[in-house]
Amino acid sequence: MASYRQAFLDAVDKQLPNDVKLAFHVGDAHFVSTVVTGVQSRLISSTGANRYVAGRRIGWQRGVTRAAIVADCCVVELNPRNINTWVVLIGRRLLRKRTLCWGHAWPRRGPASRSDRLRKVIRHLASGIIVYTQRQQQEIQEVEPAVRVFVAPNALYPARQLRPTVSVEPKKTFVWIGRLVDEKNPLLALAAFRRLAARHGDLHLDIVGAGPLRDGLEEAVQSYGLSHMVTFWGHESDPAVLGPLFSQAVASVCSGYVGLNVTQSLGFGCPVIWALDPLNAPEVCTLDQSNGYIYARGDAESLAAAMDSALEDHASRRIDRDEVSARVRNTYSAEAMSAGFLSAVLATERPRSGR
């Protein structure tokens, strides 16, 4: 299980009724090898090493099938590349047991993607699905009204930690956060920052994340003569560290597709610079003109111009950071995610015949 699920697990532990037994059976690694895993909770049951084939496109979690089959209710990943999902869904369907699928409603490229044919089969084999946003819930219900859909907002932190840090002074800094991989395109952010730095000499870029592109990025920073203007933080998820970074920053920069970095940034009151991208995650629905700036996807000059606009607004205090934070805090907290998950798990309806 990804390490960023720690706050969610803590919230589930607190909200779980005393008469309910719940266990999360987790393996040792993620489909995406650069995702940092590892959570600590009494609810965790470790199943050991996961198995992946075909370049990690297909996976199997060992030691979980029996527990999954005999449970009163079971939640599996809404992912057709996970063999366990198919085995458990079909086995429990034959036994007429309640099974939920949890994950993104659609493939990365949306409902028109050919791979959604498999997801559609999964959605109809399950007793219900748990998605990450109300927009996804509405989309599913419009096209597949027979599917029972619950919402567990995709969250990283408890509500009490989602607010701007008032003790820090605003600075001319930008934050980039995420995995240092090609699909996140950190080199684009660096190229845009280089253009902006040529016009503003007192800027700084904080790069938060780890991944295979780290060495290349550091070499580029050095060759651009920007070593005094760029800080590499490595992987960091502690809100005590990230809160001040986001709170003092002009904006956070999404140079690849939008994901959890958006609610992470907005939760601390920091606006987001982003592009329209078919790979954007559902959290893109939190963005609008009141908390973000749009640039042309893949265009460093357009990104630099958006960063320049953010600088102007930062100086004039146009964006109400407390309001930006409150909107996310009220919806995308670990407590809200836990409540949505538990409401799905503890619901009493059984699969309808003929589904």
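Since this is a predicted model, take the numbers as computed values, not measurements.
Using bins of under 30°, 30° to 60° and over 60° for the plane-to-plane angle, the ring pair F341/W102 lands in the tilted bin.
By the 4.5 Å heavy-atom criterion applied to side chains, V87 and W60 are counted as neighbours. The shortest side-chain heavy-atom distance between I177 and S265 does not fall under the 4.5 Å cut-off. The shortest distance between side-chain heavy atoms of W86 and L125 falls below 4.5 Å. Considering only heavy atoms from C-beta on, D72 stays 4.5 Å or farther from R98 through its side chain. Looking only at side-chain heavy atoms (C-beta outward), R321 and C270 come within less than 4.5 Å of each other. Contact check for Y295 versus L188: side-chain heavy atoms found under the 4.5 Å cut-off. In this structure the side chain of R195 never reaches within 4.5 angstrom of the side chain of M307, judged on heavy atoms. In this structure the side chain of Y4 never reaches within 4.5 angstrom of the side chain of V39, judged on heavy atoms.
Side-chain atoms of R92 come within 3.5 Å of backbone atoms of I69 as a donor-acceptor pair (strictly under, hydrogens ignored). Looking only at distances, a side-chain donor or acceptor of S255 sits under 3.5 Å from a matching main-chain atom of K184. Panel note: side chain T47, backbone V26; a donor-acceptor pair is recorded below 3.5 Å. The backbone N or O of L226 sits nowhere less than 3.5 Å from a side-chain atom of R194 that would complete a donor-acceptor pair. Checked by atom type and distance alone, the side chain of S325 pairs as donor or acceptor with a backbone atom of L162 at under 3.5 Å. When atom types are taken as modelled, the side chain of R148 and the backbone of L100 share no donor-acceptor pair closer than 3.5 angstrom. Formation of a donor-acceptor pair under 3.5 Å by the K172 side chain with backbone atoms of L311 is not found in this model. Side chain of H204 to main chain of M229: a donor-acceptor pair is present (N/O by atom type, distance under 3.5 Å, no hydrogens or angles). Panel note: side chain R163, backbone A326; no donor-acceptor pair is recorded below 3.5 Å. In this structure, the side chain of Q15 engages the main chain of E335 through a donor-acceptor pair within 3.5 Å.
Heavy atoms only, all atoms of each residue included: L303 and A189 are closest at CD2-CA, 4.0 Å. Residues P212 and T34 come closest through the heavy atom pair CD-CG2, 3.9 Å. For the pair F8 and A334, the tightest heavy-atom approach, listed with the atom from each and the gap, is N-CB, 4.0 Å. The two residues A336 and P153 have their closest heavy-atom pair at O-CD, 3.7 Å. M337 and A152 get closest at one heavy-atom pair: O-CB, 3.5 Å. What you find for D28 and T37 is that their closest heavy atoms are O-OG1, 3.4 Å.
Taking the centre of each ring, Y224 and F193 stay at or above the 6.0 Å mark.
Taking 4.0 Å as the cut-off between side-chain N and carboxylate O, E139 and R135 do not count as a salt-bridged pair. Using a cut-off of 4.0 Å between Lys/Arg side-chain N and Asp/Glu carboxylate O, D206 and K171 are scored as not salt-bridged.
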Evaluate side chain to side chain contact (heavy atoms under 4.5 Å, CB included) for Q141 paired with V147, printing each intermediate quantity in order. CA-CA 7 Å; Q141 289 177 334; V147 175; over 6 Å; no
Determine whether Y132 and H104 satisfy the following criterion, side chain to side chain contact (heavy atoms under 4.5 Å, CB included), listing intermediate values before the conclusion. CA-CA 7 Å; Y132 291 124; H104 293 288; 3.5 Å; yes
Are W274 and L287 close enough, and set up right, to give a side chain to side chain contact (heavy atoms under 4.5 Å, CB included), and what steps lead you there? CA-CA 9 Å; W274 63 290; L287 293 168; 3.6 Å; yes
Could you walk me through whether Y157 and V328 pass side chain to side chain contact (heavy atoms under 4.5 Å, CB included), step by step? CA-CA 11 Å; Y157 303 114; V328 169; over 6 Å; no
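A continuous path of ILVMFWY side-chain contacts below 4.5 Å connects L245 to L260, so both sit in one hydrophobic cluster. L190 and L203 fall within the same hydrophobic cluster, where Ile, Leu, Val, Met, Phe, Trp and Tyr residues are linked whenever their side-chain heavy atoms come under 4.5 Å apart, directly or through other members. If you chain together hydrophobic residues whose side chains sit under 4.5 Å apart, V75 and V70 never meet in one group. Hydrophobic clustering, with ILVMFWY side chains joined whenever heavy atoms are under 4.5 angstrom apart, groups L94 together with V88. If you chain together hydrophobic residues whose side chains sit under 4.5 Å apart, V181 and V253 never meet in one group.
Taken to the nearest 0.5 Å, the CD atom of Q161 stands 11.0 Å off from the OG atom of S333. A distance of 11.5 Å separates OH of Y332 from CG of L156, quoted to the nearest 0.5 Å. Rounding to the nearest 0.5 Å places CZ of R123 at 7.0 Å from CG of L78. Atom CG of residue L43 and atom NE2 of residue H25 lie 10.5 Å apart, to the nearest 0.5 angstrom. Put simply, CG on L217 and CZ on F232 are 5.0 Å apart, with the number rounded to the nearest 0.5 Å. Here the straight-line distance linking atom OG1 of T173 with atom CG of D202 works out to 11.0 Å at 0.5 Å rounding.
Under a cutoff of 6.0 Å and an axis angle of 45°, R108 and Y257 form a cation-pi pair.
R62 CZ: 12 or fewer foreign heavy atoms inside a 6.0 Å radius. Counting non-hydrogen atoms of neighbouring residues, nucleotides and ligands closer than 6.0 angstrom, the CD atom of Q134 reaches no more than 12 such neighbours. The 12-atom threshold is exceeded at CZ of R199, counting heavy atoms of other residues, nucleotides or ligands nearer than 6.0 Å.
Under 3.5 Å, the side chains of N84 and Q61 contain no donor-acceptor pair of N or O atoms. A side-chain donor-acceptor contact under 3.5 Å links S290 and R327.
When each of V36, N261, V32, L213 is tested with R179 by the rule side-chain contact (heavy atoms from CB on, under 4.5 Å), just one qualifies, namely V32.
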